[in-house]
Asker: 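Here it is, the structure in full.
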2 protein chains.
Amino acid sequence: MGLTKTEIFTEEQNRLAVMLKAMAHPARIAILQQIIKANACICGDLVEELGLAQATISQHLKELKTAGIIQGTIEGVSVCYCINPTVWKELQQQLSGFFSTYELKTNCC
Amino acid sequence: MGLTKTEIFTEEQNRLAVMLKAMAHPARIAILQQIIKANACICGDLVEELGLAQATISQHLKELKTAGIIQGTIEGVSVCYCINPTVWKELQQQLSGFFSTYELKTNCC
DNA sequence: CTAATACATCGTAATATTGCGATACATAAT
DNA sequence: ATTATGTATCGCAATATTACGATGTATTAG
């Protein structure tokens with residue numbers, strides 16, 4: 001085996017899993033933090049900021065982009081990446097829904 | 001290669017990545033939803049709820065437990081799992097911090 | 001046109017994840 | 001002690017991830 005049984009789960013569960021998976025790596029967390037911090041979209045600056053090879057950064061950016069979390073537009077020679085506001089809000093809402101369901105309950109064991 | 005360069009990143013980034021990774025699977029999202037929904041801790045009920053083998057569920061539970069998100073206590077023959085309130089709050093705060101930093105900014109590209 | 005710059009993609013090696021059957025283990029009932 | 005029940009762990013096969021050097025591609029500068 002070795003492949004996730006997506007057909008067993010709901011669209012929502014699969015979608016949330018994909019987005020969380022995209023974020024579930026320290027390098028990609030660092031990338032997102034940089035993008036948010038710099039506000040203006042950064043690009044190859046990331047290669048210098050983080051201690052990873054250019055190919056590796058590019059691959060991480062691709063994964064974030066595939067998940068829809070970031071978007072990139074060509075800006076001359078370089079590429080400008082920034083948060084996709086729509087998806088970001090979607091993720092935020094999914095997660096806050098998740099956490100709010102728990103808050104109401106008391107915990108056992 | 002093939003292993004994450006944790007030493008490059010901060011404790012916080014690595015910790016958040018570990019927790020998100022634990023959640024980044026539809027089966028584990030479904031498990032967490034069930035645990036929260038049932039409030040009272042469930043156990044092997046999950047095997048029937050989700051369409052996965054007992055060994056697989058047990059493995060997913062272990063991963064959530066290793067990340068600290070859930071905790072299990074032996075209750076007779078069965079095991080009672082529930083959310084770890086401390087870690088859950090920690091994760092919630094880390095994430096809300098993440099999202100709040102973005103809200104303040106305007107988006108480009 | 002040519003060179004330089006900034007990224008993307010390919011190919012590859014090392015390692016991790018996913019899922020499950022088989023089996024071990026621990027507690028409860030008989 | 002024996003059996004039944006509920007979980008955990010082992011071992012395996014299939015696949016995915018991570019990282020990077022090498023190379024391809026597109027835009028700008030000269």
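Computed from a predicted model, the values in this text were never measured in an experiment. Here is how names work: the chains are called A, B, and so on, in the same order as the sequence lines, proteins then strands, and each is numbered from 1.
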Asker: Does a side-chain N or O from B:Y81 land closer than 4.0 Å to OP1 or OP2 of D:dG6, or not?
Answerer: no
Asker: Grab the CG-P distance between A:L61 and C:dA8 for me, whole Å please.
Answerer: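 Spelled out: CG on A:L61 to P on C:dA8 is 7 Å.
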Asker: Quick one: which of D:dT9, D:dC20, C:dA8 gets closest to the side chain of A:S58?
Answerer: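 When the side chain of A:S58 is considered, C:dA8 is the closest of D:dT9, D:dC20, C:dA8.
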Asker: OP1 or OP2 of D:dT17 less than 4.0 angstrom from a side-chain nitrogen or oxygen of A:H60, does that happen here?
Answerer: no
Asker: From NZ of B:K62 over to P of D:dC10, roughly how many Å is that when rounded to an integer?
Answerer: 7 Å
Asker: Which heavy atom of A:P85 sits nearest to which heavy atom of A:Q71, and what is that distance?
Answerer: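 Closest heavy-atom pair between A:P85 and A:Q71: CD-OE1, 4.2 Å.
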Asker: Measure from the side chain of B:V79, starting at C-beta and using heavy atoms only, and say which of C:dC20, C:dA8, D:dA8 lies closest.
Answerer: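 So the side chain of B:V79 is nearest to D:dA8.
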Asker: Is any side-chain heavy atom of A:T66 closer than 4.5 Å to a side-chain heavy atom of A:V18?
Answerer: no
Asker: On DNA chain C, compare the nucleotides closest to A:K21 and A:T56; which residue's is nearer the 5' end?
Answerer: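 In this pair, the answer is A:T56.
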Asker: Whole-Å distance between D:dT7 C1' and B:D45 CG?
Answerer: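 Checked: the CG to C1' distance equals 13 Å.
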Asker: Need to verify one output field. Residue with the more 5' nearest nucleotide on DNA chain D, A:I74 or A:H25?
Answerer: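 It is A:H25, whose closest nucleotide lies nearer the 5' terminus.
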Asker: Choose from C:dT18, D:dC20, C:dA8 the nucleotide whose nearest atom is closest to any side-chain atom of A:L52.
Answerer: D:dC20
Asker: Starting from P on D:dT18, measure out to CZ on B:F9 and report it in whole angstrom.
Answerer: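 It is 11 Å, rounded to the nearest whole Å.
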Asker: Using a cut-off of 4.0 Å on non-hydrogen atoms, how would the nucleic acid contact of B:E63 be classed: base, sugar-phosphate, or nothing?
Answerer: sugar-phosphate
Asker: Quick one: A:M23 CE to D:dT17 C1', roughly how many Å, whole number?
Answerer: 18 Å
Asker: Tell me if the side-chain of A:Q54 makes a donor-acceptor pair with the base of D:dC20, cut-off 3.5 Å, by modelled atom types.
Answerer: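 When only heavy-atom distances are counted, A:Q54 does not reach the base of D:dC20 through any donor-acceptor pair under 3.5 Å.
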Asker: Kindly assign one of parallel, tilted or perpendicular to the pair A:Y102 and B:W88, based on the angle between their ring planes and the thresholds 30° and 60°.
Answerer: perpendicular
Asker: Would you call the rings of B:F9 and A:H25 parallel, tilted or perpendicular, where under 30° means parallel and over 60° means perpendicular?
Answerer: perpendicular
Asker: Between CD1 of A:I57 and CG of A:L50, what distance do you get to the nearest 0.5 Å?
Answerer: 4.5 Å
Asker: May I have the distance from B:Q59 (atom CD) to D:dG11 (atom P), rounded to whole angstrom?
Answerer: 14 Å
Asker: Between B:I57 (CD1) and D:dT7 (P), how many Å, whole number?
Answerer: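 Those two atoms, CD1 and P, are 11 Å apart.
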Asker: Describe the nucleic acid contact of B:S78 in one word from base, sugar-phosphate, nothing, applying a heavy-atom distance below 4.0 Å.
Answerer: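 Contact class for B:S78: sugar-phosphate only.
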Asker: Both A:A55 and A:V77 contact DNA chain C. Which one's nearest nucleotide lies toward the 5' end?
Answerer: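 Counting from the 5' end, the first nearest nucleotide belongs to A:V77.
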Asker: Once you round it to whole Å, what is the distance between C1' of D:dA19 and CD of B:E7?
Answerer: 12 Å
